[in-house]
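Following: one structure in structure tokens, then a few remarks.
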Amino acid sequence: MSNKSATTSATVSTQGPIDHSIELGHGNSPAAWTCVTVMLVGVIVGCIAFLIGESATILFWIGVAVIAIGLVVGVAMKVAGFGVGGSKLKNNGH
């Protein structure tokens, strides 16, 4: 048992009011969708390999590589202008 008292003082930090008028974008762009789709395929491949067992170790690492490739593809598409607010997108306010 501890001899510490049951009450402890916690520091609560408060921030200013949140500005909800700023558009966050939420990653709704071709770059984000492509990144997530490719990474999802990698996860599915890795999960199938995991279920198969030790004989599918190479398949598991292929799934991990596909996940990494998905991240690279997403970043490359964002740099190319297909990310949120990118130059290649038609911004219609949605």
Please check if [X] and [Y] belong to a single hydrophobic cluster, counting links between Ile, Leu, Val, Met, Phe, Trp and Tyr side chain heavy atoms closer than 4.5 Å.
| X | Y | result |
| --- | --- | --- |
| F60 | V41 | no |
| V45 | I52 | yes |
| F50 | I44 | no |
| I62 | V73 | no |

Is a side-chain N or O of T57 found less than 3.5 angstrom from the main chain of E54, in a donor-acceptor match?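 Side chain of T57 to backbone of E54: a pair is present.
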
Tell me whether the count of non-hydrogen atoms from other residues, nucleotides or ligands lying under 6.0 Å of CG in L51 goes above 12.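 Above 12, so yes.
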
Let's go through V84 and N28 carefully: what are the C-alpha distance in whole Å and the side-chain angles of both, what is the deciding distance for side-chain contact (heavy atoms from CB on, under 4.5 Å) to 0.1 Å, and is it a yes or a no? CA-CA 7 Å; V84 173; N28 192 8; 5.8 Å; no

Atom of [X], atom of [Y] and distance for their closest heavy-atom approach:
| X | Y | result |
| --- | --- | --- |
| A49 | A56 | CB-O, 3.5 Å |
| V43 | I67 | CG2-CD1, 3.7 Å |
| K78 | A31 | N-CB, 3.8 Å |
| C35 | L71 | SG-CA, 4.0 Å |

